Amino acid sequence: MHNSLFTPMKNLLPIFLAFLFLNLIACEPKKPAPEKDNLEGKAWWKEGVLYQIYPQSFKDTDGDGYGDFKGVIEKLDYLESLGITMVWMNPFFESPMVDNGYDVSDYRGINPRYGTMEDFQAMLDGMHARGIKFVLDVVVNHSSDQHDWFLQSRSSRDNPYRDYYHWWPAEKGTPPYRHSLFDPEGAWEYDSLTNAFYLHTFAEQQPDLNWENPKVRQEVYDIMKFWAEKGVDGFRMDAFQFASKDTTWPEFPEGHEKDFIKWYGMRPQLHEYLKEMYAEVIEPYGVFAVAEGAGSTFQDAHDLVDADRKELQMAYHFETVDLSRTPEGYDLADFKNVFSKWDSAFAEKGWISIFLSNHDNARMVNRFANPDPKFITPSTQLINTFLMSMRGTPFTYYGDEIGMTNIDMPTIEEYVDVEALGKYQAAKSSGQDMEEFMQILNYNSRENGRTPMQWDATLQAGFTTGTPWMRVNPNYTEINVSAQDQDPTSILNHFRKMTKVRKENPALVYGKYELVQKEHPDIYAFTRKGEGQNLMVILNFSKNSSSIKLDQLPTESNLIINNYSDVNVNDQDMSLNLKPYQALIFSFD
Ligand code: TEU
C-alpha cells in the first residue's frame with residue numbers, strides 16, 4: 001500500500017526546497033544585474049561619454065542664486081539631447097561649504113539649497129529613464145570639521161571617535177612639517193581643546209579621516225551602499241590617492257612638497273582598502289568607481305585600475321590639465337607626447353579618463369582652444385573632437401559643449417575659493433610679485449570654471465531669477481545654449497554630432513591608437529584601428545591654415561565628421577589642406 005501521507009509529504013519536499021531557495025535569494029542585497037564587464041573587456045563606463053555637472057552653477061529654480069536638483073530635472077531633455085551617457089555631479093551633501101561641498105558634514109544628508117532626497121531620487125530616476133547613469137562624488141579623504149564624527153573626535157582624547165582622525169599630542173612637540181594643498185601654514189592644525197594637532201591635507205576645516213581605522217572604512221562602505229541602494233551607478237573617489245597615511249609620520253626632505261603626490265600619495269595599504277571596497281560595494285552592486293589622481297607613475301595608475309587587481313575601474317591623472325597652467329599656454333608637441341605616452345601605457349591593460357577641464361581648472365576654451373571670437377567655434381569643436389576620439393572615457397564639463405570661457409577676475413577681493421585664497425596668502429607671505437601672481441590666478445583659477453551655466457541671453461543667462469552666487473560671465477549674450485541650439489554649425493550641435501560619432505564608431509572606444517607624423521608642428525593626426533574599422537583623426541591646432549601629406553585622403557564617402565562645410569584635398573600630391581582649427585575624422589581601408 002503506497003503511503004499516501006508521505007507521498008503528499010514527498011510531493012511537499014520539492015515545494016519546501018523551492019520555498020527555501022526563494023527565501024535564500026530574497027535575502028541577497030538588492031543589486032542591479034552587473035553589466036557585462038569581463039576583466040579587461042568591454043564595459044558601459046568605457047563606451048560612454050561623461051558630463052560633469054557643478055550643481056550650484058547649473059540651473060536655479062527657486063531664485064536663491066544657487067543651482068538645484070529641480071534645475072537639473074528641468075534640463076534632463078537637454079542632457080539627453082547632448083548624447084552623453086553618464087553624469088558626474090559634484091558634492092551636494094550637507095556641508096558648511098568652506099570648499100563648495102568638498103567638506104561634508106553629513107554623507108547621507110542633502111544640502112537643502114539643492115533640494116530634498118525626494119528631489120534627488122526624481123532627478124536620478126529621470127536620468128535613468130533617459131539611459132543616463134549617475135556618478136556620485138565620494139569625499140572621504142577628509143570630512144568637514146562640522147561632521148559629528150569630528151565634533152566627537154576633538155571633544156576628548158578618549159572619545160570613541162578620537163581615532164576616526166589623525167591626532168598628534170602636543171606634549172610630543174610640533175609634528176614633522178607636512179604640506180597642505182590649501183593652507184599655507186601646513187597640514188597640522190593645533191586644537192587647544194585637547195592640546196593636540198590634527199591633520200588636514202586640504203583646508204583646516206577639512207580634517208583627514210583615518211583610513212587605517214577599519215571602523216572608518218566600514219562607515220564609508222555603508223555610505224556607498226546607501227547611495228547604491230538608491231540606484232547610483234558609479235562613484236568618483238575624491239583625492240583618494242591621499243587617503244592612506246604613513247602614521248609613523250616621518251620627516252620629509254626639504255622641498256618635498258613640490259612632488260607631494262609622490263611623498264603623500266598611493267600608500268601601500270591604499271590597495272588593501274580598495275580591494276575591500278571592491279568586495280564590499282563595487283562588485284556586489286555592479287557599480288564603477290573612478291579615482292581622482294593616479295599617483296605619480298604609470299605603475300601607480302595601473303595598480304589602481306587593472307581589472308585583475310579588483311580595485312577601481314578608472315582613474316584620472318593631472319598631467320594633461322597641468323600642460324597649460326600659465327597664460328603662455330602649451331606646446332602641441334608636449335600635448336601630443338603626454339596623451340600618447342599615457343595611451344601606450346594603457347594600451348593593453350587598465351582604463352583612464354580623457355579630460356581637459358573640470359571644477360578644479362579654468363575653462364578649457366582659454367587653456368586649450370582659442371577664445372578669440374574669430375576662432376572660438378572651430379577651436380572648441382576641435383578640442384571636443386579630440387576628447388571623444390581618444391582611447392579612454394571622455395569627461396566633458398558643463399559649459400564646454402557651448403564653449404564657455406574664463407571670466408575676468410583681476411582682483412583678489414572677488415575670489416571666494418579656499419584654494420585661491422590660500423595660494424594668495426602663500427604668495428604674499430613669500431614676497432612674490434603679486435601683480436604677476438594675480439595675472440596667473442586670473443588665468444588658471446578654479447573659479448573661472450564655476451560660473452553659472454549660460455542658457456540664454458535673458459537676465460543672468462537664464463540661470464536664476466535671483467542674484468547668482470557667482471556673477472555670470474558677461475559674454476553670455478553671445479555664448480549660450482539657446483543661441484546655438486538651432487544652429488547646425490554651432491559648438492553645441494557639433495558636440496551632439498560627436499557623441500553620436502563615438503557611439504557609432506567603436507574603434508574610437510576600443511581601437512588601437514597610433515600617432516601619425518608626430519613632428520608636424522600644427523597638426524595632431526592619429527589613427528584608431530579595431531572593431532573592424534580604420535579611422536583617421538586629423539586636428540589642425542593652429543589658427544593658420546596648414547597642410548599634411550597622407551597615404552589616404554578624406555572623400556565624400558569616407559568622411560565621418562568635419563567642423564567645416566568643406567575639405568580641401570589635392571589628389572596629386574596627396575595633401576590635405578586644413579583651415580584654422582579644422583577637425584575631421586574619416587575612415588580608410
Ligand atoms: O581635488 C584634489 C586635488 O588633488 C586638488 O589638488 C586639485 O587637483 C586642485 O584643487 C587643483 O586645482 C579634490 C577636488 O576635486 C577639489 O575640488 C577639492 O577642493 C579637493 O579635492 C578637496 O576635497
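Counting starts at 1 for both ligands and their atoms, in listed order. None of the values given here were measured: they were computed from a predicted structure.
In this structure, Arg325 does not count as a contact residue of ligand 1, since none of its heavy atoms falls inside 4.0 Å of the ligand. Using a 4.0 angstrom heavy-atom cutoff, His142 counts as in contact with ligand 1.
Side-chain contact of Asn361 with Arg325: a donor-acceptor pair under 3.5 Å is present, judged by distance alone. Judged purely by distance below 3.5 Å, without hydrogens or angles, the side chains of Lys245 and Asn141 pair a donor atom with an acceptor atom. A donor atom on one side chain and an acceptor atom on the other are not found under 3.5 Å apart for Thr405 and Asn366. Checked by atom type, the side-chain pair His147/Tyr161 shows no donor-acceptor distance below 3.5 Å. Checking Gln206 against Asp99 by side-chain atom types alone, a donor-acceptor pair falls below 3.5 Å. A side-chain N or O of Tyr316 and one of Arg236 form a donor-acceptor pair less than 3.5 Å apart.
Judged by a 6.0 Å distance limit and a 45° cone about the ring axis, Lys428 is not positioned over the six-membered ring of Tyr424.
When Val140, Asp360, Asp417 are ranked by how near their heavy atoms come to atom 17 (O) of ligand 1, first place goes to Asp360. Compare Asp99, Asp238, Val139 by their heavy atoms: the one nearest to atom 13 (C) of ligand 1 is in Asp238. For atom 5 (C) of ligand 1, the nearest non-hydrogen atom from the set Phe202, Phe242, Tyr54 comes from Phe202.
When non-hydrogen atoms are compared, ligand 1 lies under 4.0 Å from the side chain of Arg236 (C-beta onward) but not from its backbone.
Those atoms of ligand 1 with a heavy atom of Phe318 less than 4.0 angstrom away are 4 (O), 8 (O). Every atom of ligand 1 with a heavy atom of His359 under 4.0 Å away is listed here by number and element: 14 (C), 15 (O), 16 (C), 17 (O). For ligand 1, the atoms sitting less than 4.0 Å from at least one non-hydrogen atom of Phe182 are 19 (O), numbered in the order shown with element in parentheses. Each of the atoms 9 (C), 10 (O), 11 (C), 12 (O) of ligand 1 lies under 4.0 Å from some heavy atom of Glu419.
At the shortest separation from atom 1 (O) of ligand 1 among protein heavy atoms lies Glu292 OE2, 2.9 Å. If you check which protein heavy atom lies closest to atom 6 (O) of ligand 1, you get Leu181 CD2, 3.0 Å.
Taking CZ from Phe335 and CZ from Phe386, the interatomic distance works out to 4.0 Å, rounded to the nearest 0.5 Å.
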